[in-house]
Protein chains: 2
Amino acid sequence: MDQVNLKKLAKELNLAVSTVSRALRDSHEISPQTKERVRELALKLGFQPNPHASSLRQNKSKTIAVIIPEIENNFFSQVINGIESVTPSKGYHVLIYLTHEDYNKERDILQLLRNGRVDGIMISVSNSTTNTDHIDAWRQAGIPLVLFDRTCEELDVPNIMTNDAEMAFKATEHLLKRGCKQIAFLGMAGNLSISNRRKAGYLSALEKYKVAAPPQIVELATKDYTNREILNELFRRQPRPDGVFAAIEKFAVNTYEVCKELNLHIPREVKVISFSNLQAAALFDPALSTIIQPAYDIGREAANILFKIIEKKMLMPYEKRMILPSQLMERASTAINSERL
Amino acid sequence: MDQVNLKKLAKELNLAVSTVSRALRDSHEISPQTKERVRELALKLGFQPNPHASSLRQNKSKTIAVIIPEIENNFFSQVINGIESVTPSKGYHVLIYLTHEDYNKERDILQLLRNGRVDGIMISVSNSTTNTDHIDAWRQAGIPLVLFDRTCEELDVPNIMTNDAEMAFKATEHLLKRGCKQIAFLGMAGNLSISNRRKAGYLSALEKYKVAAPPQIVELATKDYTNREILNELFRRQPRPDGVFAAIEKFAVNTYEVCKELNLHIPREVKVISFSNLQAAALFDPALSTIIQPAYDIGREAANILFKIIEKKMLMPYEKRMILPSQLMERASTAINSERL
DNA sequence: AAATTCTTTGCAAACGATTTCGAAAAATCT
DNA sequence: AGATTTTTCGAAATCGTTTGCAAAGAATTT
């Protein structure tokens, strides 16, 4: 046995295991002198309590899980960064799980974690998730849970998101003010509340500005290949959209690709704006106008709220449904024809 | 007690706890009938073994840690994706730790994990890491460990990386063949082996092609602001570089920003090539020529090797130092002046 | 039929930390 | 001085699972 544990410390110091444990946890019922002796030896031997023994006894893991659809996406990376900005100070560890936009994986992961491995989870649901029973079951089990970005607002759990509808409205309005008459909305297939919020914002802008052309809602998937085919068709059809509002970055990229293919000039023939957290959007040809989500803040706030729940503190009403504002960054892809950005 | 555990199953079935445990682990010493009875009830009650108790008893955590400098970087995201492509099938969980390029954090994290919380770690060292004692201590403790990308080749641990020197050579050669006379190398400050490999490739290309101009090695940090200042100065000085080889993507982005600021045309006045795993590099203005690292494969292979070590299998010689080739993607940022890409 | 193996199960001791309870010693109060 | 409280510590139970060992019964061999 080369691992140093409480028993070894106790024997070395001629103390009981319980005394050593208490001393290290700074219990009031241990004399300062004893504490000092214990601490000194613990430091010298580099003692570190076995986390599994602690977790078993105390029934908490000091670990949370973050469940996201994908990781090759700046938004989720930034969220993780935000989460990680609070976890170390809480002495917590972060497990990452990827659903790859697969409902079954998502359900299985939640099932897998219902054994005390984590003290709570933060989840952004996959776009193939239509049934939320697995999440509701988790909620009912009383294990701390926070949803972010891809939320399920019908469930009574904290939801942290951005002002999707409002920004979708502004994005559409922006295109309209730039002269677009025929704006297409590129949204995620599925029935995510986030998609619906963005779609609603798009529709309400069209309505408010009494746009003659009917709304053009295109549902895309996560496969680039088919997306490009669909967009190719969209841009060949008459009337051709002169404005594109992409609900997610990938669709904007696909739009750029197809426009290049079809020799459609952005922004002269087609203006493009998109939700995106890509730093490099400013370097695109042309620079892409974006709606930037406060991803880092979403991660940080979601983590803070999760810890409040874990620590059994009361949540303020605004923490149960927190909305952090996005920012519209106007760039060349939505410039009016004469304009130079 | 609403949690279902072995004791509850045993009582319900009128069996000993040990029998139930063995039945669920499909031990040969339990009769098929008993196994079936146990499995049935376990399924019915949704029994899931407590991982902390298991870990404590078996002295393994079924968890690995991935320690990286940052996560807002496509390369590391893709690596994580690659890692995650093997962990679930091994029944393993993945903890993520960020060092934020801080040696002290890196050391502390390694220290923090030396208590059995993880069965092994995969690490890409921070660029402020000059001392590798913390990693060597980990190695000496005999806990499975794999280094990837930002490796420490002087240590006797498996290193998984790409052919940095070769690709740096090719990148520099590419710029030379495109007519560059004065190529600057933008490398990371610090003394990482990866930086040295890339720098060496750059230098050997200059040497092979007998370039008259002296090498121009610029060391940049991770702060955008100072980087831009340094580059600004670089491009105002005579002789002005007509080619830039960026060792990391961020520096290429900085170069683009500064060139735009100074009205230097890429690729006419300055050609740029960079290590980068950014999908959207093709959409840049101009499209950025890149050296694409097999990030996903690096993650997958590193994980596979780590599991071989965890499972105490012998490593093949090539697994102790694995080199996965990168790919040079020629785009507009290195086009010769007349050429259109 | 006796001796032996094999199969199947139970008992109890780990794993290492935390915590309840109680006891001895010291300090404070009548 | 005696009674009472406070301080300080130890013994043992506990968390839930795994596993060495023993034991009983069944099956096989001699």
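We use all heavy atoms of the structure for the numbers below, so side chains are in, but hydrogens, waters and symmetry mates are not. Numbered from 1 within each chain, the chains take letters A, B, ... in sequence-line order.
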*Asks:* Taking only the side-chain heavy atoms of B/E29 (C-beta and beyond), determine which of D/dC9, C/dT8, D/dT19 contains the nearest atom.
*Replies:* C/dT8

*Asks:* Rounded to whole angstrom units, what separation is found between the CG atom of A/N59 and the P atom of D/dA13?
*Replies:* 21 Å

*Asks:* Within the 3.5 Å criterion, strictly below it, is a donor on A/D149 or A/Q293 matched to an acceptor on the partner's side chain?
*Replies:* yes

*Asks:* Which angle, rounded to 10°, do you find between the first-five-pair axis and the last-five-pair axis of the helix from C/dA1-D/dT30 to C/dT30-D/dA1?
*Replies:* 50°

*Asks:* Quick one: A/D26 CG to C/dT18 P, roughly how many Å, whole number?
*Replies:* 13 Å

*Asks:* Taking atom P of D/dT17 as reference, at what distance in whole Å does atom CZ of A/R57 sit?
*Replies:* 16 Å

*Asks:* With sequence neighbours excluded, what pairs up with A/N304 under the side chain to side chain contact (heavy atoms under 4.5 Å, CB included) test?
*Replies:* A/V86, A/R300, A/E301

*Asks:* Side chain of B/P32 only, please: which of C/dT19, C/dT9, C/dT8 is the nearest?
*Replies:* C/dT8

*Asks:* Using a heavy-atom cut-off of under 4.0 Å over every strand shown, decide if A/T34 touches base, sugar-phosphate, or nothing.
*Replies:* sugar-phosphate

*Asks:* Is A/R22 side chain donor-acceptor paired with the D/dG10 base, going by distance under 3.5 Å alone?
*Replies:* yes

*Asks:* So, using side chain to side chain donor-acceptor pair (under 3.5 Å) as the criterion, who are the partners of B/D26 when residues are at least two apart?
*Replies:* B/K35, B/R39

*Asks:* For A/S54 and C/dT18, is the shortest distance between a side-chain N/O and OP1 or OP2 below 4.0 Å?
*Replies:* yes

*Asks:* Could you give the NE2-to-C1' distance, from B/H52 to C/dA17, as a whole number of Å?
*Replies:* 13 Å

*Asks:* Just how far, in rounded Å, is P of C/dG10 from CG of B/L6?
*Replies:* 13 Å

*Asks:* Just jot down the side chain to side chain donor-acceptor pair (under 3.5 Å) partners of A/T132, sequence neighbours excluded, or say none.
*Replies:* none

*Asks:* CD of A/Q33 versus C1' of D/dC9: gap in Å, rounded?
*Replies:* 13 Å

*Asks:* Quick one: A/K62 NZ to C/dT18 C1', roughly how many Å, whole number?
*Replies:* 14 Å

*Asks:* Does either side chain, that of B/S21 or that of B/S18, offer a donor lying less than 3.5 Å from an acceptor on the other one?
*Replies:* no

*Asks:* Which residues pass the ring pair (Phe, Tyr, Trp, His ring centres under 6.0 Å) test with B/F307, not counting sequence neighbours?
*Replies:* B/Y92

*Asks:* List in numerical order all residues of residues 35-50 of chain A for which some heavy atom is under 4.0 Å away from an atom belonging to DNA chain C.
*Replies:* A/F47, A/P49, A/N50

*Asks:* Would you tabulate the side-chain donor-acceptor contacts of residues 63-76 of chain B under 3.5 Å, counting partners in other chains and residues two or more places apart, or write 'none'?
*Replies:*
from, atom 1, to, atom 2, distance (Å)
B/T63, OG1, B/S61, O, 2.9
B/E70, OE2, B/N73, ND2, 3.2
B/E72, OE1, A/Q78, NE2, 3.4
B/E72, OE2, A/N81, ND2, 2.9
B/N73, OD1, B/F75, N, 2.8
B/N74, OD1, B/Q78, NE2, 3.2

*Asks:* Is a side-chain donor-acceptor pair under 3.5 Å present for B/S128 with B/E101?
*Replies:* no

*Asks:* If the condition is side chain to side chain donor-acceptor pair (under 3.5 Å), which residues does B/S77 pass it with, not counting sequence neighbours?
*Replies:* A/S77

*Asks:* Residues two or more places apart in sequence or in another chain: which of them pass side chain to side chain contact (heavy atoms under 4.5 Å, CB included) with A/R57?
*Replies:* none

*Asks:* Tell me, please, which residues at least two apart from A/D136 pass side chain to side chain donor-acceptor pair (under 3.5 Å).
*Replies:* A/R139, A/Q140

*Asks:* Nearest whole angstrom, please: distance from the C1' of C/dT8 to the NE2 of B/H28.
*Replies:* 10 Å

*Asks:* Respond yes when some side-chain nitrogen or oxygen of B/R25 is under 4.0 Å from OP1 or OP2 of D/dT19, and no when none is.
*Replies:* yes

*Asks:* Donor-acceptor pairs under 3.5 angstrom involving side-chain atoms of residues 41-54 of chain B: please list them, not counting sequence neighbours.
*Replies:*
from, atom 1, to, atom 2, distance (Å)
B/Q48, OE1, A/Q111, NE2, 3.4
B/N50, OD1, B/H52, N, 2.7
B/N50, OD1, B/A53, N, 3.0

*Asks:* Is there a residue in residues 14-21 of chain B whose heavy atoms reach under 4.0 Å of DNA chain D, and which residues are they?
*Replies:* B/V17, B/S18, B/S21

